[in-house]
Amino acid sequence: MNVEIINEAKSRSAEISNSILNWGEKNLRSFPWRKNPDPYRILIAEILLKRTTATAVNRIYNEFIGLYPDLKALAKANIDELEDFLQTIGYHKQRSKILKKISRVILNEYNAEIPSDFDSLIAIPNIGPYTAGAVLSLGYGIRAAMVDSNVLRIYKRVFFKSLPNKAVNNVINKVAKIILPQKRHAKFNLALLDLGGLICTYRNTHCLKCPIRNFCDSSSIKK
DNA sequence: ATCCTGTGCA
DNA sequence: TGCACAGGAT
């Protein structure tokens with residue numbers, strides 16, 4: 001049923017992943033949570049970044065890690081202090097609850113060790129496939145796709161001509177796994193996110209600057 | 001498949 | 001000032 005898009009993904013995967021990795025060499029954005037990545041730092045970053053601009057998280061991230069340097073510290077955190085601290089980036093009530101909940105679950109059920117397998121991760125409340133992918137790929141170096149709305153949008157455009165009319169998101173998840181390289185998947189994931197943020201944006205498609213314009217169904221540039 | 005959160009931009 | 005948004009939950 002979705003044979004066509006899967007075959008398209010397979011036939012273009014090498015060109016796409018190589019071009020994106022290459023683009024990433026020069027164009028990756030620099031954020032504090034991308035430095036010295038470990039599962040905890042990545043987990044915190046993803047929770048803070050949900051529905052929140054990188055600029056806002058940038059302001060408080062290092063201080064957050066200073067106040068709550070590891071999962072045990074976070075599990076012990078005073079909920080009101082945590083909430084106050086998160087005021088400036090918004091969603092502070094919701095987010096302080098989520099952070100406490102997650103840290104307590106990991107402390108109690110996983111002996112304060114953030115799980116390193118997908119199923120355990122998504123079983124933790126408020127950790128879904130995207131955050132699980134980030135923890136695995138960026139935090140543990142375990143190959144996992146990170147499909148957020150940016151990545152979804154990019155692949156929908158790239159494979160526009162063979163998109164099925166049903167269950168598009170499911171298919172895109174398969175496509176993402178096919179294209180994700182075996183090595184350097186973390187770099188690739190970051191580059192793909194940045195491509196969505198900088199080039200293949202929601203409103204504009206800066207195809208002229210796009211490293212995969214030659215492999216994209218929606219490119220406005222003549223091949 | 002639809003709902004939720006509250007922000008940030010139109 | 002109202003609506004689109006994004007990742008997760010149901």
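A, B, ... follow the sequence lines: proteins, then strands. Residue 1 opens every chain.
Remark: the Tyr91(A) side chain and the dG6(B) base include a donor-acceptor N/O pair separated by less than 3.5 Å.
Ser17(A) and Arg184(A) share no side-chain donor-acceptor pair at under 3.5 Å. Remark: the Asp117(A) side chain and the Ser120(A) side chain contain an N/O donor-acceptor pair separated by less than 3.5 Å.
Following rounding to the nearest Å, Leu43(A) (CG) and dG8(C) (P) show an atom-to-atom distance of 11 Å. Leu121(A) has its CG atom 14 Å from the C1' atom of dG8(C), to the nearest Å. Between Asn173(A) atom CG and dG8(C) atom P there is a gap of 11 Å when expressed in whole angstrom units. With rounding to whole Å, Asn169(A) atom CG is found 13 Å from dG8(C) atom P. Distance CZ (Arg51(A)) to P (dA9(C)): 16 Å, rounded to an integer number of Å. dG8(C) atom C1' lies 11 Å from atom CD1 of Ile122(A), rounded to whole Å. Atom NZ of Lys97(A) and atom P of dG8(C) are 19 Å apart (whole Å). Spacing between atom CD1 of Ile154(A) and atom P of dA6(C) amounts to 13 Å, rounded to whole angstrom units.
Under the 30°/60° scheme for interplanar angles, the aromatic rings of Phe85(A) and Phe64(A) are found to be tilted.
The residue Ile127(A) sits close only to the backbone: its heavy atoms come under 4.0 Å of sugar-phosphate atoms, none of a base. Using a 4.0 Å heavy-atom cutoff across all strands shown, Thr131(A) reaches sugar-phosphate atoms only and no base atom.
Side-chain nitrogen and oxygen atoms of Ser149(A) include at least one within less than 4.0 Å of the OP1 or OP2 phosphate oxygen of dG7(C).
Checked against dG8(C), dA9(C), dG6(B), the side chain of Tyr130(A) finds its nearest nucleotide in dG8(C). In the set dA9(C), dA6(C), dT5(B), dT5(B) carries the atom at the smallest distance from any side-chain atom of Gln94(A).
Arg153(A) has no carboxylate O lying under 4.0 Å from a charged side-chain N of Asp148(A), or vice versa, which leaves the two without a salt bridge. Under 4.0 Å is where a charged nitrogen must lie from a carboxylate oxygen, and between Arg12(A) and Glu8(A) at least one such pair does.
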